[in-house]
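All figures in this text were calculated on a predicted structure; none of them were measured in a lab. Below, read A as the first sequence line, B as the second, and so on, with proteins coming before strands; counting in each chain starts at 1.
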Amino acid sequence: MAASREILTLYKSLLRELRVVYGKGVLRDSPPYQHVRRQFRDHTVTGERLCRSKVELEHLARTYLCYLRSVKEHEELHAQYKGAGERSVESAANLVGLTVPKNPFENDK
Amino acid sequence: MAAPMANFVVKHVLRRCGAQSRLCIRFQPIISSQKRLLSQNTRELKRFYKNATITQFEGWYEINLDQRKLRTPKGNLFRVPNEELALAVATEWNRQQKVIQRHSMHLTSLCNTALDNPMFKSRDNLISSIIHFMETDTVSYRLSEPESLVELQNKEWDPIIHWIEDRYEIDVPVFTSITTCPDIHVETVNTLTQHLQSYSDWALFGYSYAVDALKSLVLVLALMDKFVTVEKAVALSRLEQEFQTSNWGTVEWYHDMDVLELQSRVSAATLFVHWLNENATIRRKAMMQQSC
């Protein structure tokens, strides 16, 4: 297997992203894992025959890695910054340095 | 309360843009179906299945969520023509946690769009809307100041334009003013139309999605031909913002999220087009066949 170090790193990162999805235990049995493994095995460049452009597979693998990573990171940021809904009266008042009386009818008595 | 308000806004818009406008004609029929889709989509959907798997039926690949078959928003059976695409969609469903985040399932939504065709677009419609981006392509509009940005634009965008011009034998115009009337050669339009005609209907939806996201046909062509990576294409598309943020810094909840979202959209579209176009066969060498 004459895969360069870059390709190996790419392969490992892809498997790492898949592990996030499927969990450690079932990863090896999951069809996407087996598919990625088969793709990398089948398309390794042999000395005699280049079955498919190496660039093409690398580009595809990089694109998929980019997809998995971007979606994951985007969701993390989204969860961190998404609004929690409308502010309560108390917190809105607090924004401008005011407080809401605890019992509004206290002064009436 | 919300519904009458929406009606009012719609009527108001329709009145304002006049009866002859093309926008109105395309705008009207969408509204009722969109309302229905929106009412379905805003509801939070809990994860109701354990495993998403794929099955093959009559040459198409379907997604099973446990025992149920996945369906599109319009109720059609969800099926795709390529195994890898089906695997990627199943992975997308498998990665959902307690609540299903439909907004970030770009591959699923691309397949849904291709299956349902909610905007009733024909092939010719799609192709002309994709080529339409050429007139206002991001890489065609250059600034005249500040100088360092002009230099950066020339340095980064010119090689892509030259490569595309050589590859497709077309002319990509470059402007420095936004008031210049775009003038695309008829031959350029013909060449691009011919190129796009060679894609399947499904792949055209992917093209249109990518062009919408990057706001540039030149970058999409370079990306689909594997001349640039997704990250590079996104960076080139946001070149001016990249320049400004390198001076003034980034804000995580805006810039970083913007980049990540764009990257996920563009990479989904690239994968989609690639898998639909692909027709690879593996031929093993005789010795390997024996050992297998």
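Residues of residues 221-245 of chain B that come closer than 4.5 Å to chain A, counting heavy atoms only, are B/Leu223, B/Lys226, B/Val228, B/Thr229, B/Val230, B/Glu231, ordered by residue number. Listed by sequence position, the residues of residues 46-65 of chain B in contact with chain A number zero, using a 4.5 angstrom heavy-atom cutoff.
When heavy atoms are compared at a cutoff of 4.5 Å, A/Glu76 does not approach chain B at all. Within the 4.5 angstrom heavy-atom criterion, only side-chain atoms of A/Glu75, from C-beta onward, approach chain B. The contact between B/Leu107 and chain A is made by backbone and side chain atoms together, counting heavy-atom distances below 4.5 Å. Using a 4.5 Å cut-off between heavy atoms, B/Glu92 contacts chain A through its side chain alone, with no backbone atom that close. Contacts between A/Tyr64 and chain B at a heavy-atom distance below 4.5 Å involve backbone atoms as well as side-chain atoms. For B/His106, the parts sitting under 4.5 Å from any heavy atom of chain A are the backbone and the side chain alike.
Pairs of residues two or more places apart, or lying in two chains, never qualify as salt bridge (Lys or Arg N to Asp or Glu O under 4.0 Å) while including a residue from residues 80-92 of chain A.
Not counting sequence neighbours, A/Asn94 has no partner by the side chain to side chain donor-acceptor pair (under 3.5 Å) test.
The aromatic rings of A/Tyr11 and A/Phe40 lie tilted to each other, with the angle between the two planes from 30° to 60°.
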Start with the C-alpha distance between B/Trp202 and B/Phe272, add both sets of side-chain angles, then the distance that settles side-chain contact (heavy atoms from CB on, under 4.5 Å), and finish with yes or no.
-> CA-CA 9 Å; B/Trp202 280 52; B/Phe272 189 75; 3.7 Å; yes
